[in-house]
Every structure is written in C-alpha cells, then in structure tokens.
Amino acid sequence: FSAKAYDKQFFDRYNTGHTIVYFESPLNEQTVNLTAGCQAVCVFVNDTLNAVVISELKKAGIGLIALRCAGFNNVDLQAAKENNITVVRVPAYSPHAVAEHAVALILTLNRKTHKAYNRVRETNFSLERLLGFDLYGKKVGVIGTGKIGQAFCDIMVGFGCKVLAFDIIANKELEAKGVEYLPLMDILKEADIISLHCPLNEQTRHVINAQTITMMKHGVMLINT
C-alpha cells in the first residue's frame, strides 16, 4: 500500500519469489477489502492500521504486517496481538541517510541556500536577509541517540559543535567523543539547534509544546525528520 515508483523498483529487483500486488492508495477502512487473497501487507507511515482495519485484515487471512519504516505509531499493536497478526518494522532505517538529511536541513535554514538559488536564477545576487551563522562552536541538542541520533551526533561533532544529548540511556561511545548527556529541560534552555531523533510514542508525543518552546533561546532552530 502507498506504493511509489521507487518502491516497485526495489521490491521487484530483490523479490525472491513472492507475488506482490501494488496499490498506490493508502491502507485504511475504505481500502482494506483489497487485501482479500493475500497473506501479508506491506505499509508505510500514512497507512492506517487501527483496530477496525486490523480486524478486517484478520478476516482476509492476513498474518503479517510489514512496515517499511522505523516508526510504528500508526499501528494498534494490541489489536494486532489480539488477532494473532505479527508486526515487523525496519529499526535501522538508513540511519546515515536520515542523519545527513537533518544536517542538510540545518545548512539550508542557516545559509538559506533555497532562497539564494531562486534569486540567482533571476540574476539577483543580493545578500540581503541571507546571512547565516557559523555552526562551529554552537550548542546542538539531540533528543534521542539511537542509530540515527548517534550518526547525527557524529556529524555535528565533526562540524566542531558542542553536542548535548538526552536519552533514557547514555551512549558511552558518544560520551567518549565529547557528547554531554543532560536533562531534557537543560538542553531546551541551552541549545542553539535542537534535532529530534526519538520515536513517536506516549512519552514523546508533543514533547515540543507551548511550555517547552518558551524555555528555548530566541531564534533557536528546531529540526524534525
């Protein structure tokens, strides 16, 4: 479900004998009937797998929900368990690609290359409102230091940033590289840039809210991949 051209390209390339049916539409209560005759469904982040959909999947004979993403917040895991449907995901989902993209967003926001590109296309070479700042020496707060968060920390250390991290368990490898683990509220107050690399669950939902934003520095950069 939610199949794009690149999904088809790589699934077809590495298929080892499965019969794959592609649907461009997302999986939800209106499209779940399309699963008739299948044994598994492969879904992405915008597919809906609530209790109603999962119940219909069970009736259709589905025994496996395969997520081609790391997050699983769109799946009712309790309903899947009750219907004896296995759920799998991709926990190490291109960690370096996501971390590098987060850095690309920082550089774009900072140096405003997207705006400069459009100006230059129209032969406007003005530097007005395009000024950024040196990343070197800035404090970068990283919320969540799993595989993606760790890769992001490594890159920002390479930029010469002071990296502050928050996670339930400190990563000893990162600490050895100079990353400092602090309470979340301290990071929100100190960081010039904050990048979120935590899974979406009940503990992290709306961690960025009116109250936490008021704790941040004026002009802080917030990155959410």
Side-chain angles (χ1 to χ4, degrees), residues 2-7 9-10 24 26 44-46 68-71 73 93-167 174 177-200 204-225:
S2 300
K4 305 297 183 185
Y6 48 80
D7 291 313
Q9 174 188 348
F10 291 105
E24 293 184 10
F44 200 48
V45 294
N46 291 321
R68 53 185 191 276
C69 53
N73 51 284
Y93 178 47
S94 303
H96 293 287
V98 180
E100 290 170 13
H101 184 67
V103 177
L105 295 177
I106 291 172
L107 293 172
T108 301
L109 284 175
N110 181 24
R111 297 300 181 183
K112 304 172 182 63
T113 49
H114 58 306
K115 294 180 180 179
Y117 172 80
N118 287 326
R119 284 191 191 181
V120 171
R121 287 182 65 190
E122 299 177 359
T123 66
N124 176 0
F125 299 96
S126 170
L127 297 179
E128 291 295 328
R129 298 187 302 280
L130 293 183
L131 295 178
F133 56 84
D134 289 355
L135 287 178
Y136 182 85
K138 291 295 186 291
K139 292 183 178 179
V140 178
V142 185
I143 313 303
T145 54
K147 293 181 183 298
I148 297 172
Q150 181 174 356
F152 177 78
C153 287
D154 285 338
I155 296 172
M156 300 318 294
V157 168
F159 270 95
C161 298
K162 171 64 177 176
V163 180
L164 312 174
F166 171 77
D167 207 324
L174 290 178
K177 296 175 182 176
V179 175
E180 181 181 0
Y181 278 82
L182 293 175
L184 177 60
M185 298 309 161
D186 290 350
I187 292 178
L188 296 178
K189 294 175 183 176
E190 294 187 31
D192 302 295
I193 300 169
I194 297 172
S195 193
L196 304 177
H197 296 285
C198 48
L200 176 60
T204 61
R205 186 180 300 275
H206 295 163
V207 65
I208 304 301
N209 54 51
Q211 181 181 4
T212 53
I213 287 175
T214 58
M215 298 178 180
M216 300 176 190
K217 289 182 177 180
H218 179 71
V220 65
M221 185 184 293
L222 179 64
I223 303 295
N224 177 26
T225 52

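Note that the structure is a prediction, hence the values are computed from the model and not measured.
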Quiz: residues 183-198 side-chain donor-acceptor pairs under 3.5 angstrom, not counting sequence neighbours:
from: Glu190; atom 1: OE1; to: Lys139; atom 2: NZ; distance (Å): 3.4
from: Asp192; atom 1: OD1; to: Lys217; atom 2: NZ; distance (Å): 2.9
from: Asp192; atom 1: OD2; to: Lys139; atom 2: N; distance (Å): 2.9
from: Ser195; atom 1: OG; to: His197; atom 2: NE2; distance (Å): 2.8

Please identify each residue that fulfils side chain to side chain contact (heavy atoms under 4.5 Å, CB included) with Ser126, with sequence neighbours left out. Arg119, Asn124, Glu128
Could you check whether atom CZ of Phe125 has more than 12 heavy atoms from other residues, nucleotides or ligands sitting under 6.0 Å from it? yes
Run the side-chain hydrogen bond (donor to acceptor under 3.5 Å, both in side chains) test against Lys138 and tell me which residues pass, sequence neighbours left out. none
Residues at least two apart in sequence or cross-chain that pass side-chain hydrogen bond (donor to acceptor under 3.5 Å, both in side chains) with Thr204, listed by chain then number, are Asn201
Check side-chain hydrogen bond (donor to acceptor under 3.5 Å, both in side chains) between Asn224 and all other residues, then give those that pass, not counting sequence neighbours. none
By side chain to side chain contact (heavy atoms under 4.5 Å, CB included), which residues pair with Glu24, not counting sequence neighbours? Lys8
What residues form a side chain to side chain contact (heavy atoms under 4.5 Å, CB included) with Gln211, not counting sequence neighbours? Asn209, Met215
Using residues 141-151 as the side-chain source, report each donor-acceptor pair under 3.5 Å to any protein atom, sequence neighbours left out, with the distance given to one decimal.
from: Thr145; atom 1: OG1; to: Asp167; atom 2: OD2; distance (Å): 3.2
from: Thr145; atom 1: OG1; to: Tyr181; atom 2: OH; distance (Å): 2.8
from: Gln150; atom 1: OE1; to: Asn171; atom 2: ND2; distance (Å): 3.2
from: Gln150; atom 1: NE2; to: Glu173; atom 2: OE1; distance (Å): 3.3

Quick one: are Phe152 and Ile106 in side-chain contact, heavy atoms under 4.5 Å? yes
Measuring from His114:NE2 to Leu107:CG, what's the distance to the nearest 0.5 Å? 12.5 Å
If you count heavy atoms of other groups shown closer than 6.0 angstrom to NE2 of His206, is the number above 12? no
Take atom CG of Asn46 as the centre, draw a 6.0 Å sphere, and report whether it contains more than 12 heavy atoms from other residues, nucleotides or ligands. no
Mind checking whether Asp154 and Leu174 have side chains closer than 4.5 Å, heavy atoms only? yes
Under the side chain to side chain contact (heavy atoms under 4.5 Å, CB included) rule, collect the residues that match up with Asn118, sequence neighbours excluded. Arg121
Does Asp7 reach the side chain of Lys4, with side-chain heavy atoms less than 4.5 Å apart? yes
Sorted by chain and residue number, the salt bridge (charged side-chain N to carboxylate O under 4.0 Å, His left out) partners of Glu100 (sequence neighbours excluded) come out as none
So ring pair (Phe, Tyr, Trp, His ring centres under 6.0 Å) across residues 127-147, not counting sequence neighbours, yields none
Pairs meeting criterion salt bridge (charged side-chain N to carboxylate O under 4.0 Å, His left out) with involvement of residues 103-114, two or more places apart: Arg111-Asp134
